[in-house]
Amino acid sequence: MKKQAACNLLACLSVILLLAGLVFGAEASTVPETRIEDALKVLQEMSAQEDCGTMSDLLARAKGVAIFPSVVKAGLMLGARHGKGVVLKRNSATGQWYGPGFVEMTGLSYGLQIGVQSTALVLVITNERGMKSFEEGSFTLGGDLTVAAGPLGRHLEAGTDIELKAAIYSYSMSKGAFIGFSLEGAKVNPDDAANELYWKRSASSTELLQRKATDSRIRPLIRELNALVLRGGGKTSV
């Protein structure tokens with residue numbers, strides 16, 4: 001009994017320490033411009049990988065994208081994860097991007113786990129239902145919305161049905177490795193503080209993702225996204 005109690009205490013302490021670290025890092029990650037710059041670095045690193053072709057193909061027909069420069073996961077038996085990201089909506093017919101909106105991801109996990117890991121994450125939103133979830137606000141990945149590890153390789157295989165298999169495909173970079181990444185059970189919510197800081201007023205996610213992404217602060221990220229879209233054979237706006 002004493003040994004079990006000690007294990008439970010260690011598990012609780014690990015989560016408390018993780019959450020404390022997240023609190024200390026929250027202020028920096030809330031700065032919208034810094035988050036956009038970090039998202040750009042993630043895309044540049046991913047685009048340099050030989051097997052990112054299918055991600056480009058998906059982006060070429062995507063309805064939007066969400067980029068989390070760092071999702072931290074840590075724990076001992078009981079784990080927690082947290083990350084802050086930026087989301088953009090896309091008109092696949094014209095290539096026009098809209099936004100940005102800022103979001104955060106949180107979640108708990110159970111089972112045999114120990115340690116701390118930081119992962120850069122890109123979510124390619126492939127259908128209207130997936131994009132609508134980001135516009136409406138809070139939702140759960142794998143619960144309210146289907147999410148699957150993104151396919152890898154130079155090109156999508158013929159017959160791949162991205163509209164029916166999943167609303168979101170996820171890609172990650174961890175310790176320099178580019179991999180498909182399965183993510184379920186995480187909750188995504190609007191980051192109201194970052195949205196207000198960027199836009200200088202409060203607004204709903206729906207409203208923010210109806211604005212054309214033409215601001216000078218977001219242009220470098222849009223250029224990188226468009227380069228990937230062109231590589232996948234999609235349209236870009238002028």
Measure the shortest side-chain to side-chain distance between [X] and [Y] over non-hydrogen atoms and say whether it is less than 4.5 angstrom.
| X | Y | value |
| --- | --- | --- |
| Q49 | M173 | yes |
| Y169 | L123 | no |
| N127 | I168 | no |
| V188 | L141 | yes |
| H82 | V71 | no |

How would you list all residue pairs meeting ring pair (Phe, Tyr, Trp, His ring centres under 6.0 Å) that involve [range], not counting sequence neighbours?
| range | value |
| --- | --- |
| residues 35-69 | none |
| residues 187-211 | F102-Y198 |
| residues 33-65 | none |

[atom2] on [Y] to [atom1] on [X], rounded to 0.5 Å:
| X | Y | atom1 | atom2 | answer |
| --- | --- | --- | --- | --- |
| K89 | Q210 | NZ | CD | 6.0 Å |
| L121 | S70 | CG | OG | 10.5 Å |
| R217 | D215 | CZ | CG | 4.0 Å |
| L230 | T236 | CG | OG1 | 4.5 Å |

| Using 4.0 Å as the upper bound for N to carboxylate O, is an ion pair formed by R231 and D57? |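 Between R231 and D57 there is no salt bridge, as every charged N stays at least 4.0 Å from the carboxylate O atoms.
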| task | Evaluate the criterion side-chain contact (heavy atoms from CB on, under 4.5 Å) for residue pair I218 and L88; output intermediate values, then yes/no. | result | CA-CA 10 Å; I218 198 69; L88 289 153; 4.3 Å; yes
Least distance between heavy atoms, [X] atom then [Y] atom:
| X | Y | answer |
| --- | --- | --- |
| V86 | L221 | CG1-CD2, 4.4 Å |
| G85 | R35 | O-NH1, 2.9 Å |
| V31 | L197 | CA-CD2, 4.4 Å |
| A62 | V124 | CB-CG1, 3.8 Å |
| P190 | S138 | CD-OG, 3.9 Å |

| Are V122 and Y98 connected in the hydrophobic side-chain network, where two residues link if heavy atoms are under 4.5 Å apart? |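 No, no single cluster joins them.
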Taking only residues two or more places apart in sequence or in another chain, which ones pass side-chain contact (heavy atoms from CB on, under 4.5 Å) with [X]?
| X | result |
| --- | --- |
| T214 | K212 |
| E136 | K132 |
| K235 | none |
| A203 | R201, E207, L208 |

If the condition is salt bridge (charged side-chain N to carboxylate O under 4.0 Å, His left out), which residues does [X] pass it with, not counting sequence neighbours?
| X | result |
| --- | --- |
| E37 | none |
| E196 | none |
| D192 | none |
| R223 | none |

Indicate yes or no for a side-chain donor-acceptor contact from [X] to the backbone of [Y] under 3.5 Å, with no hydrogens or angles considered.
| X | Y | result |
| --- | --- | --- |
| S47 | L43 | yes |
| E224 | P220 | no |
| R90 | W97 | no |
| S172 | A120 | no |

| field | Partners passing side chain to side chain donor-acceptor pair (under 3.5 Å) against T206 (at least two apart in sequence or in another chain) | value |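 Scan of T206 (side chain to side chain donor-acceptor pair (under 3.5 Å), adjacent residues dropped) gives none.
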| query | Does a donor on one side chain sit under 3.5 Å from an acceptor on the other, for K63 and T126? | reply |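 Absent: no donor and acceptor within the cut-off.
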| task | Go through the steps for M105 and N189 under the test side-chain contact (heavy atoms from CB on, under 4.5 Å), then give the verdict. | result | CA-CA 7 Å; M105 179 187 296; N189 300 290; over 6 Å; no
| task | Start with the C-alpha distance between I125 and V65, add both sets of side-chain angles, then the distance that settles side-chain contact (heavy atoms from CB on, under 4.5 Å), and finish with yes or no. | result | CA-CA 5 Å; I125 307 162; V65 64; 5.6 Å; no
| request: Under the side-chain contact (heavy atoms from CB on, under 4.5 Å) rule, what do I222 and Q96 come out as? Steps first, then yes or no, please. | output: CA-CA 10 Å; I222 296 298; Q96 178 66 56; over 6 Å; no
